[in-house]
Amino acid sequence: MKFNVKALSISFFFVSFYVVSCYYWSHNITISRDTKVYYDAYLNIVNVANPFGVEFVLSLIMNICNFLGMTFRELLLVLLLLWTPVICFLSYNSKKYPILIFASLFFFIYQFNETALFLIRSYLSVLFFFLFIVSNRYLKIIFAVLSFFSQVTSILFLITYNKVVYNMLLKDKRIALFLMFFSIICSFFIGYVLLGKINFDFLYGVFPDVINRKLSFYNGLENIGGSNLIIIGLSVFLGFLIISTKVNEERKRFDAFVFSQVIICILFSNINILSNRLGIVAFMFSIPIICFYMKEKS
């Protein structure tokens, strides 16, 4: 394989800077809420080796780090450093597509690092799925498995990364536009008030314990609040960008996957927790993905 020396130099610079950035954020992020849950789980990992059940990937990383004598802050550093291959990919290709520099810079900002260490399992599932997309043959299987067992809801990624889904959602631009407007309209009627009236007890025993545990959170839930309008606006823009981008046969699966995430993110925008979990790729990664689609227009 032939490498471009200048592109390698750019990539080396970004990766070096990213390592320093990871050290800073891992040692300065406030440990609270979900991060505090992970902190408590790590302190007790010797007694409870698999605190997250079937979502065992984070437990495995915790056990390895604990075995090596790492502190919780050092564990956070490891988790952020796992994103280094993504930084390498984006920065290396930024020589050819300069707009990818902005996509790389996204991983240095506070919002990424805060949520990466707040929604750790969700972020791990996205990371491994991104690596699944760019990998070949057997590595694809490995990364798909790691993504699923990081967060089981990533099964949505695997289902929607499909040309059949593309043909259903994006082949006809009129259908794609209708779905965008339909999801926006429906989002006004789907909220915590409606969700809080649903009791999920009747589903217990139907699904595995990990699903039951997630469903139990929504029982009796009252109105808490919707998603940030800027984030939803970026998701809407991303959706229209995908629709208007010239069809690329090799990218159809990725288009279907991202567009599905956009629809889910918008549809549940009044249920912040669902929007940023089920539609996490559009909700959290719209900026770098917008840069990815804009590279062909730059």
Side-chain angles (χ1 to χ4, degrees), residues 54-55 86 89 122-187 190 203 206-208 210-211 214-215 232 234-269 271 274-286 288-297:
V54 70
E55 298 171 342
V86 176
F89 175 81
S122 296
Y123 265 61
L124 283 176
S125 70
V126 175
L127 167 63
F128 290 128
F129 191 77
F130 283 165
L131 295 177
F132 158 81
I133 290 173
V134 300
S135 298
N136 295 315
R137 302 185 67 180
Y138 299 113
L139 280 177
K140 275 192 176 294
I141 298 174
I142 293 172
F143 287 129
V145 170
L146 289 174
S147 179
F148 177 78
F149 288 107
S150 293
Q151 184 85 321
V152 295
T153 50
S154 66
I155 189 66
L156 288 172
F157 303 164
L158 297 168
I159 292 172
T160 56
Y161 187 75
N162 193 305
K163 284 188 178 181
V164 173
V165 176
Y166 177 90
N167 290 333
M168 291 171 57
L169 304 182
L170 285 163
K171 187 175 182 179
D172 188 326
K173 302 300 182 184
R174 293 169 299 180
I175 292 177
L177 286 170
F178 170 78
L179 288 172
M180 283 286 294
F181 285 113
F182 183 75
S183 62
I184 292 171
I185 293 170
C186 286
S187 68
I190 301 176
L203 292 175
V206 176
F207 297 109
V210 64
I211 302 297
K214 293 176 184 296
L215 289 174
I232 299 305
L234 286 170
S235 296
V236 171
F237 176 72
L238 176 57
F240 285 120
L241 187 60
I242 296 171
I243 294 172
S244 63
T245 300
K246 185 178 179 181
V247 176
N248 184 323
E249 189 66 29
E250 295 180 355
R251 207 185 53 223
K252 281 186 175 180
R253 289 186 177 89
F254 185 73
D255 289 350
F257 156 62
V258 176
F259 190 71
S260 298
Q261 285 287 291
V262 166
I263 295 300
I264 293 171
C265 178
I266 296 171
L267 186 63
F268 294 108
S269 57
I271 311 175
L274 285 183
S275 186
N276 67 22
R277 261 69 165 187
L278 299 181
I280 186 172
V281 172
F283 193 100
M284 301 293 187
F285 295 91
S286 57
I289 295 177
I290 286 171
C291 292
F292 173 80
Y293 279 99
M294 292 292 290
K295 77 182 191 307
E296 297 174 2
K297 302 178 184 294

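In what follows, residues are counted from 1 in the order of the sequence shown.
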Drop me the distance from I290's CD1 to L234's CG, to the nearest 0.5 angstrom.
5.0 Å
Nearest heavy atoms of L170 and A176, plus distance in Å:
CD2-CB, 3.9 Å
Apply side chain to side chain contact (heavy atoms under 4.5 Å, CB included) to F292 and list each qualifying residue two or more places apart in sequence or on a separate chain.
R251, F254, K295
Is there a donor-acceptor pair under 3.5 Å between the side chain of S286 and the backbone N or O of F283?
no
How are the rings of F257 and F129 set relative to one another: parallel (under 30°), tilted (30 to 60°) or perpendicular (over 60°)?
tilted
Starting from the C-alpha separation in whole Å, work towards a yes-or-no answer on side-chain contact (heavy atoms from CB on, under 4.5 Å) for F157 and F130.
CA-CA 10 Å; F157 303 164; F130 283 165; over 6 Å; no
More than 12 heavy atoms of other residues, nucleotides or ligands under 6.0 Å from NZ of K171: is that the case?
no
Ignoring hydrogens and angles, tell me if any N or O in the side chain of Q151 forms a donor-acceptor pair with the backbone of S125 under 3.5 Å.
no
Within this structure, what is the NZ-CD1 distance for the pair K140 and I133, rounded to the nearest 0.5 Å?
7.0 Å
Check V126 against I280 and note the closest heavy-atom contact, atom names and distance.
CG2-CG2, 3.7 Å
In terms of heavy-atom contacts, does CZ of F240 have more than 12 from other residues, nucleotides or ligands at under 6.0 Å?
yes
With rounding to the nearest 0.5 Å, note down the distance linking CD1 in I142 to CZ in R137.
12.0 Å
Reference residue Y161; test ring pair (Phe, Tyr, Trp, His ring centres under 6.0 Å); the match among F132, F259, F143, Y166
F132
Is the backbone N or O of R277 less than 3.5 Å from a side-chain atom of S122, with the two atoms forming a donor-acceptor pair by type?
no
CD1/I289 to OG/S235 distance, rounded to the nearest 0.5 angstrom?
9.5 Å
Residue of the set V236, I185, I175 for which side-chain contact (heavy atoms from CB on, under 4.5 Å) holds with M180:
V236
How long is the straight-line distance from CG of L267 back to CG of L179, given to the nearest 0.5 Å?
10.5 Å
Can you list everything that forms a salt bridge (Lys or Arg N to Asp or Glu O under 4.0 Å) with E250? Sequence neighbours excluded, please.
none
Counting distance only, does the side-chain N/O of K173 pair as donor-acceptor with the main-chain N or O of S244 below 3.5 Å?
no
S260 side-chain N/O to A256 backbone N/O, donor-acceptor pair under 3.5 Å
yes
With D172, which residues qualify under side-chain hydrogen bond (donor to acceptor under 3.5 Å, both in side chains), at least two apart?
R174
Determine yes or no for a side-chain-to-main-chain donor-acceptor pair under 3.5 angstrom, with S187 supplying the side chain and F268 the backbone.
no
For S275 and I232, the nearest pair of non-hydrogen atoms, with its separation, is OG-CD1, 4.3 Å
Between OG on residue S150 and CG on residue L127, distance to nearest 0.5 Å:
8.0 Å
Is a donor on one side and an acceptor on the other found under 3.5 Å between the side chain of Q261 and the backbone of L278?
yes
Has the side chain of S147 got a donor or acceptor atom that lies under 3.5 Å from a matching backbone atom of A144?
no
